[in-house]
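Right, one structure below, let's go through it.
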Amino acid sequence: MGNTNPKLVLGIETSCDETAASVVTEDGQILSNVVFSQIEDHQNFGGVVPEIAARSHLQKIDGVIRQAMSQANIKFSDLSAIAATCGPGLIGGVLVGAVTAKAIAAYYSKPFIAVNHLEGHALTVRLTNKVKFPYLLLLASGGHTQLLFVKGVGQYQELGGTIDDAAGEAFDKTAKLLNLGYPGGPAVEAAAVKGDPKAYNFPRSMCQREGCDFSFSGLKSAVLREVEKLDQITDQNKFDMAASFQQAIVEIMMNRCKNALRMIHQPMALVVAGGVAANREIRNGLERLAQKKGVEFVAPPLNLCTDNGAMIAWAGMEKFLLGRQDPLEFLPRPRWPLSSLS
Amino acid sequence: MTKIILAFETSTSVCSAAIWGEGEVMASEQESIGYGHASSLFSFVKNVSQKARVPLEYINHVAVTRGPGSFTGVRVGLAAARGFSLAGNLPILGMTTFDLLAYTAKKQMMEDHAKIVVMDTKRGDLYTAFYDIGQDLPSHTQITKPEDLQAHVEPYKKSYTPIHIIGDGAAKLQTDYKWPMNVEFLPIFPNASDLAIAAAHFHETPSYPFSSDPLYLRPPKVYE
């Protein structure tokens with residue numbers, strides 16, 4: 001009887017501005033994926049305010065989990081394990097999700113699995129596309145931008161990362177400069193459709209250099225300088241700047257990924273993850289690069305690029321199936337580099 | 001069904017847990033840990049469950065404080081309470097730290113007087129709640145500068161009515177300022193044993209407004 005029941009993991013994500021919970025099965029079915037976005041709470045500030053985020057997570061956490069369980073149509077006692085993001089991220093929010101998960105695990109004496117948020121993003125394509133190890137991963141979100149060689153669960157070699165802003169942060173700051181709204185990623189992308197990507201020649205920082213580190217602060221400053229040059233900024237100026245900014249990001253991403261593929265000398269998949277991977281121009285650019293280099297290109301569906309519970313449930317499942325679990329004393333952490341897991 | 005309460009308290013630098021059943025605290029554990037409640041709390045819960053020989057699935061109520069106190073600490077307590085509540089479909093007996101300390105003081109002093117509960121905000125002021133004599137709920141709450149608190153005991157000075165200043169902010173107030181004779185200080189801090197006792201008491205008092213919502217008393221800080 002026990003063998004015929006599929007293994008089920010509940011995953012909880014609260015590291016930034018989405019309160020999310022999901023149940024996945026060991027064969028990669030997503031039985032529920034509930035995401036409550038706090039965008040409205042932070043809109044007026046042009047970015048996520050940590051204390052507002054933490055308060056909102058607490059208000060939503062039990063409702064979101066209850067909904068995820070009822071949509072999956074299972075009971076807590078049916079779960080094999082409970083997984084939660086334990087960092088990196090805004091610690092006030094991380095604590096809410098992690099502590100709620102621990103209490104559920106404690107009550108049922110079920111395994112608790114502390115998931116690294118970045119690992120959740122890194123393994124998402126194994127949930128959605130059954131991608132095999134090893135692969136090259138471009139992880140780009142509001143808080144992180146890095147290129148990783150993913151060799152296995154818990155085995156991540158960092159090939160390069162941003163030396164200043166994250167890519168998503170550059171989108172948010174540019175959107176704020178151009179008064180396009182929040183969150184910046186979708187706002188810039190929508191404006192860019194109406195603009196000329198060649199109108200402004202924004203810098204492609206680091207692209208002349210070896211390796212695959214990123215830098216976006218110069219790009220953001222270049223947009224600011226162009227804005228300051230204008231007495232009055234028209235909508236068309238904004239669209240052109242958004243398109244030119246986005247074009248610069250696409251070219252930077254392609255250049256860095258090209259170097260990364262060269263560094264690892266191995267035919268394999270090129271995978272993108274994180275909120276910035278929801279940008280269509282970036283996806284298209286990377287797909288062209290992958291085709292040219294003869295490697296498979298894989299991007300998760302848009303709703304699994306941004307933060308969600310399914311990626312945490314799945315990372316928890318991968319760890320659970322390898323027999324791993326964490327003590328309830330595991331202390332959530334604001335910083336937790338993926339390379340430290342190996 | 002016998003009432004069994006799992007209580008925990010994480011709103012100050014002290015972390016504590018207790019199990020209450022059959023009319024008394026069966027086991028409790030407490031430690032001044034500074035930070036890291038999200039880690040220690042679960043060791044404490046496991047330990048009190050073992051000491052009391054009460055497996056967690058026998059618990060039928062969860063008691064927690066809901067602030068004011070450390071924002072993070074308050075959230076850790078309430079998130080844990082909500083997790084246990086979800087898991088076991090248990091009611092949450094959530095009390096303010098003010099009400100907990102006011103009730104604990106009343107029991108310790110074995111007499112009831114007007115009370116001011118003061119909790120150190122760690123930002124140079126005090127979370128403050130004012131209780132009239134005979135009341136379990138405050139007439140009002142606010143954030144007060146320590147130097148402004150003396151004005152609040154003035155009316156009691158004239159009438160020689162005793163008044164108690166209670167809480168983890170009380171000791172410093174007592175040494176830093178001059179007070180009239182009728183002011184008495186009780187420098188106690190919230191802990192899970194007292195919480196379990198108070199929650200059990202108020203659970204029998206249907207009018208007490210238990211809640212699982214945090215009481216912060218201060219809006220979130222926004223950095224531009």
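Just so you know, these numbers come straight off a predicted model, no measurement behind them.
To the nearest 0.5 Å, atom CZ of residue Phe42(B) and atom CZ of residue Phe112(A) are 8.0 Å apart. Distance check: Ser49(B) OG to Tyr107(A) OH gives 11.5 Å after rounding to the nearest 0.5 Å.
Of the atoms belonging to Phe71(B), it is side-chain heavy atoms, and not backbone ones, that fall under 4.5 Å from chain A. The part of Ile65(A) that comes within reach of chain B is its side chain, from C-beta onward, which places non-hydrogen atoms under 4.5 angstrom from that chain. Heavy-atom distances place no part of Pro55(B) under 4.5 Å from chain A, backbone and side chain included. Interface remark: Ser43(B) contributes backbone and side-chain atoms alike to the contact with chain A (heavy atom separation under 4.5 Å).
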Go through the steps to decide whether Arg82(B) and Leu58(A) satisfy the test side-chain contact (heavy atoms from CB on, under 4.5 Å), and finish with yes or no. CA-CA 9 Å; Arg82(B) 289 178 184 210; Leu58(A) 179 64; 4.1 Å; yes
Does Glu57(B) form a side-chain contact (heavy atoms from CB on, under 4.5 Å) with Tyr108(A)? I'd like the steps, not just the answer. CA-CA 7 Å; Glu57(B) 64 258 37; Tyr108(A) 285 103; over 6 Å; no
Kindly indicate, with the supporting measurements, whether the criterion side-chain contact (heavy atoms from CB on, under 4.5 Å) is fulfilled by His57(A) and Arg75(B). CA-CA 10 Å; His57(A) 283 303; Arg75(B) 278 192 288 270; over 6 Å; no
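Interface remark: of the candidates Ala106(A), Ala54(A), Ala101(A), Ala54(A) forms the most heavy-atom pairs closer than 4.5 Å to chain B. Interface summary for chain B: among Lys102(A), Arg55(A), Arg66(A), the most heavy-atom pairs under 4.5 angstrom belong to Arg55(A).
Ile52(A) and Pro220(B) get closest at one heavy-atom pair: CG1-CG, 3.6 Å. Looking at every heavy atom in both residues, Leu331(A) comes nearest to Gly36(B) through CD1-CA, 3.9 Å. Taking all atoms of both residues into account, the shortest heavy-atom contact from Ala87(B) to Ile104(A) is CB-CA, 4.0 Å.
At least one side-chain heavy atom of Leu86(B) sits under 4.5 Å from a side-chain heavy atom of Phe76(A).
Between the side chains of Ser39(B) and Glu329(A), no donor-acceptor pair is found at a separation under 3.5 Å.
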